[in-house]
Amino acid sequence: MRRRGLDFRRPVRKRFPNVVWWTVCGILVLVLIVVLSREGQIESKPTISRKPYRRDRIMEGVTVTDEMLSSNSVTRQLTDQISLAKAFVVIAKESNNLQFAWELSAQIRNSQALLSNAATRRTPLTVGESETAIRDMALLLYQAQQLHYDSVTMLMRLRAKIQTLEEQMSSANEKSSKYGQIAAEEVPKSLYCLGVRLTTEWLGNPNLQKKHRERKQMDAKLKDNSMYHFCIFSDNILASSVVVNSTALNSKNPDKIVFHLVTDEINYAAMKAWFTVNSFRGVTVEVQKFEDFKWLNASYVPVLKQLQDSETQSYYFSGHNDDGRTPIKFRNPKYLSMLNHLRFYIPEVYPALKKVVFLDDDIVVQKDLSGLFSIDLNGNVNGAVETCMETFHRYHKYLNYSHPLIRAHFDPDACGWAFGMNVFDLVEWRKRNVTGIYHYWQERNVDRTLWKLGTLPPGLLTFYGLTEALDPSWHVLGLGYTNVDPQLIEKGAVLHFNGNSKPWLKIGIEKYKPLWEKYVDYSHPLLQQCNFH
């Protein structure tokens, strides 16, 4: 084999001595040990500081002692027994076991006294001093369990009790509704007395009748459209008098006010006598009875036709064919009274008038109402205050939207409005044949499937799309059934006692009665004779 020359041979590698290698390795090991030891110290620092921190936080939030944290703590055992015993005391009282409730309460006081003494002397309770209390309490708790005071049994008993209370409440509400309705429909003796005395006065006093006839013949204001015309349909003498009197006293021009009052045959003489004897600052008052309206007959008026139906008569007057499903307020025959439904015939009642303000007899006037006659209704027929500030005053709360006729023609979320103070443009009314619209819907509700009863539901249908919203201060509602904001009452032009609690009844809301009573002259001889006070 041929050998390379000296210049081409690989250089010989120099080897480090073994001592150097071992020295380098030792230094690296030492460095590694130092680094690891430092990391261990860093990680251990939070662990060391966290234990006392957590203990401090616990001690701050809850009153806990080292003894209570022990698994053998007698203090904790007593505290748990007291908590359970307190619950059993309530249950025992509910079960009318007053003796057992007293025994539990006495033992609770004993255990609490032990805990209080231990806290005062700042030493934990010993087993010896607490053994008797723990044993006596344990016996009572065992006795409570034997009396079925455990949670499952009590839940079942409470559920049964809740169901019983709900049934009792439902029955009480139903009775309250019935009795309230009866109280609202009663005619107070004093009011009945007033009607009898006025009727007697009218029939026995020819001069009074003559005075009434002369006033009626001389008064040209009844058909003068430059006057402020108001209409009331009522059989309540005193309530109608308050409406007229409050309007007159708050009017800037009472001599321009004309009241058109329509009543029934029974109260006709009494109404004429009252408004002939009394004057109201020059206000003109016309009294009529609806029985004199020749056009008011069953062939023209659906309500009168329905009254002749035997099924309708049975529904409203017998009360036995419904199994109690319909609330009593919907079965009140007064809803079929023509005095209630005359509001849909105002153009026929007053053919010469162009604009009328309709007022219910359960209102009182606080401001001058002449401004109502200058309000632009923008081509609508009815000016009314809307009541849809709350959801229950929208159309779907009054009408049956399961019926296809209602569903097809009316928006369920349309805003409701109130009867009681309404401005009617009688020119537009006649032009749009509004009474015909009312007849259409009334005839389709013979079976009461579109709405139950009352005049507001048919009013909502009749004046749908024909109503102009008025400022809410013109008409404040609710004084006959609920609390009303005092600021609204103060600003209100007309206050409406809608609801069962009328101000002339004993069930009237006491705080609102003075708003109505200040327009009653209790010094009047007839009112004193009939014990009005």
Side-chain angles (χ1 to χ4, degrees), residues 221-233 243-244 246-261 283-284 342-347 349-389 393 414-435 437-438 455-456 459-479 484 487-496 498:
K221 295 180 180 179
L222 300 177
K223 299 180 181 180
D224 186 350
N225 281 292
S226 66
M227 299 290 109
Y228 304 136
H229 293 273
F230 297 87
C231 62
I232 309 172
F233 307 131
V243 176
V244 174
S246 62
T247 305
L249 290 174
N250 290 289
S251 174
K252 296 176 182 177
N253 299 294
D255 57 313
K256 292 191 68 176
I257 292 177
V258 180
F259 267 96
H260 303 269
L261 176 61
V283 169
T284 301
L342 272 181
R343 64 193 67 190
F344 296 105
Y345 299 95
I346 293 176
V349 179
Y350 311 111
L353 299 183
K354 296 180 179 179
K355 182 173 278 190
V356 167
V357 171
F358 165 77
L359 297 174
D360 267 336
D361 63 1
D362 55 352
I363 64 100
V364 66
V365 177
Q366 291 193 133
K367 311 282 185 184
D368 177 60
L369 300 184
S370 59
L372 289 171
F373 293 86
S374 59
I375 292 176
D376 184 2
L377 297 183
N378 297 311
N380 289 304
V381 177
N382 173 31
V385 169
E386 293 183 331
T387 57
C388 60
M389 286 72 76
H393 283 144
C415 192
W417 45 269
F419 269 129
M421 196 289 299
N422 304 80
V423 183
F424 289 122
D425 185 336
L426 303 186
V427 176
E428 284 294 325
W429 185 313
R430 297 181 185 99
K431 187 188 300 183
R432 295 171 180 262
N433 189 25
V434 172
T435 302
I437 298 173
Y438 163 71
T455 53
L456 182 56
L460 295 176
L461 302 183
T462 301
F463 295 102
Y464 185 71
L466 300 173
T467 300
E468 180 73 13
L470 302 181
D471 188 291
S473 64
W474 280 114
H475 187 190
V476 177
L477 296 110
L479 280 77
V484 182
Q487 291 185 348
L488 292 178
I489 292 175
E490 185 179 352
K491 295 177 181 177
V494 172
L495 304 182
H496 197 166
N498 56 313

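For the single chain, residues carry numbers from 1 onward in sequence order.
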Q | Straight-line distance of Lys252 NZ to Ile257 CD1, nearest 0.5 Å | A | 12.0 Å
Q. Looking only at heavy atoms, what is the nearest atom pair of Asp224 and His229, with distance?
A. O-NE2, 2.5 Å
Q: Decide yes or no on ring pair (Phe, Tyr, Trp, His ring centres under 6.0 Å) for Phe463 and Trp429, but give the supporting numbers first.
A: CA-CA 10 Å; Phe463 295 102; Trp429 185 313; 5.5 Å; yes
Q: Find the distance between NZ (Lys223) and NZ (Lys354) and round it off to the nearest 0.5 Å.
A: 14.5 Å
(Q) Could you report the tightest heavy-atom contact between Asn380 and Leu466, atom names first, then the distance? (A) CB-O, 3.3 Å
Q. Could you state the interatomic distance from CG (Leu479) to CG (Leu477), rounded to the nearest 0.5 Å?
A. 8.5 Å
Q) For His260 and Tyr350, what are the C-alpha separation, side-chain angles and deciding distance, and is it a ring pair (Phe, Tyr, Trp, His ring centres under 6.0 Å)? A) CA-CA 9 Å; His260 303 269; Tyr350 311 111; 4.8 Å; yes
Q) With a 4.5 Å heavy-atom cut-off, do Leu426 and Leu353 have their side chains touching? A) yes
Q.
One pair to check against side chain to side chain contact (heavy atoms under 4.5 Å, CB included): Val364 and Val243. What are the steps and the verdict?
A. CA-CA 6 Å; Val364 66; Val243 176; over 6 Å; no
Q: Kindly say whether Gly420 contributes a backbone atom to a donor-acceptor pair with the side chain of Asn422 at under 3.5 angstrom?
A: yes
Q: Walk me through it: do Tyr438 and Tyr345 pass the test side chain to side chain contact (heavy atoms under 4.5 Å, CB included)?
A: CA-CA 10 Å; Tyr438 163 71; Tyr345 299 95; 3.4 Å; yes
Q. Taking atom CD1 of Ile437 and atom CZ of Phe344, what is their separation to the nearest 0.5 Å?
A. 11.5 Å
(Q) I need the Asp255 CG to Lys221 NZ distance, nearest 0.5 Å. (A) 5.5 Å
Q. What do the steps show when you test Val476 against Val484 for side chain to side chain contact (heavy atoms under 4.5 Å, CB included), and what is the final call?
A. CA-CA 9 Å; Val476 177; Val484 182; 3.8 Å; yes
**Q.** Shortest non-hydrogen contact between Pro254 and Val283, atoms and distance
**A.** O-CG2, 3.5 Å
Q) Do the side chains of Thr247 and Phe259 get nearer than 4.5 Å, heavy atoms only? A) yes
Q: Taking the side chain as every heavy atom from C-beta outward, state whether Leu372 and Tyr228 have any atom pair closer than 4.5 Å.
A: no
Q: Measure the spacing between CG of Leu369 and CH2 of Trp474 and express it to the nearest 0.5 Å.
A: 6.0 Å
**Q.** Pairwise side-chain contact, Val365 with Lys367, heavy-atom cut-off 4.5 Å (strictly under)
**A.** no
Q) Would you call His496 and His475 a side-chain contact if the rule is heavy atoms closer than 4.5 Å? A) yes
Q.
Determine whether a donor-acceptor pair (N or O, by modelled atom type, separation under 3.5 Å) exists between the side chain of Glu468 and the backbone of Gly383.
A. no
Q | Minimum heavy-atom distance between Val381 and Leu377, given as atom pair plus value | A | O-CD1, 3.9 Å
Q) Got Trp417 and Asn382 here, is their nearest side-chain heavy-atom distance under 4.5 Å? A) yes
Q. Which heavy atom of Leu470 sits nearest a heavy atom of Val423, and at what distance?
A. CD1-CG2, 4.2 Å
Q: Specify the closest pair of heavy atoms between Pro472 and Val385, including all atoms of both residues, with the distance to one decimal.
A: CA-CG1, 3.8 Å
Q. Taking the side chain as C-beta and beyond, is there a heavy-atom pair between Leu222 and Val258 under 4.5 Å?
A. yes
(Q) Can a donor-acceptor pair be found, under 3.5 Å and without considering hydrogens, that links the side chain of Asp425 to the backbone of Glu428? (A) yes
Q | Stacked cation flag Arg343 on Phe419, 6.0 angstrom / 45 deg | A | yes
Q: Could you please spell out the steps behind the side chain to side chain contact (heavy atoms under 4.5 Å, CB included) verdict for Met421 and Phe358?
A: CA-CA 6 Å; Met421 196 289 299; Phe358 165 77; over 6 Å; no
Q) Between Cys231 and Leu359, is any pair of side-chain heavy atoms under 4.5 Å apart? A) no
